[in-house]
Number of protein chains: 2
Amino acid sequence: MRWGVDVDGRRAGSGRGAQVPPATVARLPRYLRALEAVAAEGGVLTSSDELAARVGVTPAQLRKDLSFLGSYGVRGVGYDVAHLREQVRAALGLADERRVVLVGVGNLGHALANYAGIPERGFALVALVDADPRVVGTTVAGLVVQPADRLADVVAETGATIAVLTTPASVAQDVCDRLVAAGVVGVLTFAPAALRVPPHVDVRAVDVASELQILAFHEARRAAAGEA
Amino acid sequence: MRWGVDVDGRRAGSGRGAQVPPATVARLPRYLRALEAVAAEGGVLTSSDELAARVGVTPAQLRKDLSFLGSYGVRGVGYDVAHLREQVRAALGLADERRVVLVGVGNLGHALANYAGIPERGFALVALVDADPRVVGTTVAGLVVQPADRLADVVAETGATIAVLTTPASVAQDVCDRLVAAGVVGVLTFAPAALRVPPHVDVRAVDVASELQILAFHEARRAAAGEA
DNA sequence: TAGATTGTTAATCGATTAACAATC
DNA sequence: TAGATTGTTAATCGATTAACAATC
């Protein structure tokens, strides 16, 4: 089985907003957040200037990004907040709720299971799985933690398509393989390990230590420049 | 005070590897991780092929990335694992330990404070700060949690230059401003809020809900393509 | 030497920016 | 109409890829 490290997946997909560039996709959630903030403040109409300022991008970039989804503004007027919000939500596939399984209920997994952002933004946490017998059977975030050997069943029973991986790095690839075999097509991993997945599966990796190291790089550069 | 949303900061910085592209910088931690894995397995010599396979990039990209740091391989032979590892560590500014302060000792902050990756990879967690009186004074990860009004003092006393922000989004900008005023130059935030910082400060934002939404986008696209 | 593997160049590709015509 | 703001175009910029000469 020849598995690439993702990418690819460029199905033609005709019609409306067929091919949204990856860089644009990565910014859509931030636009959605800004739109929700404006709506919460009672804003009915907004502009690329206002949204861009909130998000921290240029107005030109925001307009270009939105243009990949369709033409939802009115020239000379701006964007209807509620309407644009729905369009962005739809583009992100949040029209119907996505079911998420979380594997690895340690410190971090525990925190993420309770993380306010998840249930509120289009996702339903439907199952928790852990290998530790002391954790299995306990209730976290209203769910009973399932044993690792039930992983495939749990995915099948709940219909989860997205997984959050908060296991130790040493078992991440194995767990990932089993999740994919069970039907998961999107994986958000916090384990510091490169995951190999088949082309139809999407992986997003968050590595706290890497993020800190990137910050350290810039700090070192500044220090070197300052002393020079 | 006219604050941009970061970027800029392109000091000339003469000499060795003066300007490493941002995309390359973002991959250096993964190269370092791969090198450490090879070293742990007893590897003495490695190649761009082996490292690239471990990281999940092409050998050409890895070689090009490393070439920005200097010329540390030997043609026809490969790379000395220990030597290259030290060079990458040095490039990332991990020669001396970076001091990190964590603000917001909730579920997520608690988990991150104990997170194995942090102390082991060039960072020392030197202080914890929280606004909740029930949390202040407790000991987490070997540190006594300090009250929010001591934030500036804590940064000054510990010499922390990097902050991890795990507060609610509503207070993130305020806390960030105070951290920056106290001398922090790098911020890793988990709060779902765009942070405005002066140009000399670096922000990395991790947003779990955004990551899930990006996965949802790709899933929706695949579903739409599959049904078409 | 022959085989292997780097470092670098040139070509391609994708993303960002700026400007402005279209249009309310 | 005059003023405002989008959607789109063209130019610029940066990142990736492929190929290969340099060199062990």
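Each chain gets a letter, A, B and so on, in the order the sequences are listed, and its residues count up from 1. Keep in mind that the numbers below use all heavy atoms, side chains included, and drop hydrogens, waters and symmetry copies.
Within the structure, every pair that satisfies the salt bridge (Lys or Arg N to Asp or Glu O under 4.0 Å) test and touches residues 57-79 of chain B, not counting sequence neighbours, is listed here: B/Arg27-B/Asp65. Residue pairs meeting the salt bridge (Lys or Arg N to Asp or Glu O under 4.0 Å) criterion with at least one partner in residues 165-175 of chain A, sequence neighbours excluded, are A/Asp174-A/Arg178. Applying the salt bridge (Lys or Arg N to Asp or Glu O under 4.0 Å) rule to pairs touching residues 38-50 of chain A yields A/Glu41-A/Arg54, A/Glu50-A/Arg54, sequence neighbours excluded. Applying the ring pair (Phe, Tyr, Trp, His ring centres under 6.0 Å) rule to pairs touching residues 35-58 of chain B yields nothing, sequence neighbours excluded. The ring pair (Phe, Tyr, Trp, His ring centres under 6.0 Å) pairs that include a residue from residues 82-101 of chain A are A/Tyr72-A/His83, where partners are two or more places apart or lie in different chains.
With sequence neighbours excluded, the residues forming a side-chain hydrogen bond (donor to acceptor under 3.5 Å, both in side chains) with B/Glu211 are A/Arg204, listed by chain and number. Partners of A/Ala181 under the side-chain contact (heavy atoms from CB on, under 4.5 Å) rule, at least two apart in sequence or in another chain, do not exist in this structure. Every residue two or more places apart in sequence or in another chain that forms a side-chain hydrogen bond (donor to acceptor under 3.5 Å, both in side chains) with A/Arg33 is listed here: B/Asp207.
Contact check for A/Gln213 versus B/Arg89: no side-chain heavy atoms found under the 4.5 Å cut-off.
In this structure, A/Tyr79 does not reach the D/dA4 phosphate: none of its side-chain N or O atoms is under 4.0 Å from OP1 or OP2. Side-chain N/O atoms of A/Ser48 include none lying less than 4.0 angstrom from OP1 or OP2 on D/dT5. One finds no side-chain N or O of A/Ser47 lying less than 4.0 angstrom from the OP1 or OP2 phosphate oxygen of D/dT5.
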key: Pairing annotation in dot-bracket form, given for DNA chain C with Watson-Crick or G-U pairs under 3.5 Å and | for cross-strand partners   = ..||||||||||||||||||||||

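In this structure, the OH atom of B/Tyr72 is 14 Å from the C1' atom of C/dG7, given to the nearest Å. Taking atom CD of residue A/Gln19 and atom P of nucleotide C/dA15, one finds them 11 Å apart after rounding to whole Å. One can place CG of A/Leu51 at 12 Å from P of D/dG7, the figure rounded to the nearest angstrom. Put simply, CG on A/Asp49 is 11 Å from C1' on D/dT6, counting in whole angstrom units.
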query = Given the rule in the side-chain contact (heavy atoms from CB on, under 4.5 Å) test, do A/Val20 and B/Phe217 qualify, once you have shown the distances and angles that lead to the verdict?
reply = CA-CA 10 Å; A/Val20 184; B/Phe217 173 91; 3.9 Å; yes

request  = Go through the steps to decide whether A/Val184 and A/Val155 satisfy the test side-chain contact (heavy atoms from CB on, under 4.5 Å), and finish with yes or no.
outcome  = CA-CA 8 Å; A/Val184 163; A/Val155 171; 4.1 Å; yes

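Side chain of B/Arg99 to main chain of B/Phe123: no donor-acceptor pair is present (N/O by atom type, distance under 3.5 Å, no hydrogens or angles). In this structure a side-chain-to-backbone donor-acceptor pair under 3.5 Å is missing from B/Ser47 to B/Val77.
Listed by residue number, the members of residues 80-89 of chain A with any heavy atom below 4.0 angstrom from DNA chain D form an empty set.
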Between the protein and nucleotides 16-19 of chain C, which nitrogen or oxygen pairs come in under 3.5 angstrom?
{"from": "C/dT16", "atom 1": "OP1", "to": "A/Arg27", "atom 2": "NH1", "distance (Å)": "3.0"}
{"from": "C/dT16", "atom 1": "OP2", "to": "A/Arg27", "atom 2": "NH2", "distance (Å)": "2.8"}
{"from": "C/dT16", "atom 1": "OP2", "to": "A/Gln61", "atom 2": "NE2", "distance (Å)": "3.3"}
{"from": "C/dT16", "atom 1": "O5'", "to": "A/Gln61", "atom 2": "NE2", "distance (Å)": "3.2"}

Identify the pairs formed between an N or O of the protein and an N or O of nucleotides 22-24 of chain D at a distance under 3.5 Å, and give each distance.
{"from": "D/dA22", "atom 1": "N3", "to": "B/Arg75", "atom 2": "NE", "distance (Å)": "2.9"}
{"from": "D/dC24", "atom 1": "O4'", "to": "B/Arg75", "atom 2": "O", "distance (Å)": "3.3"}

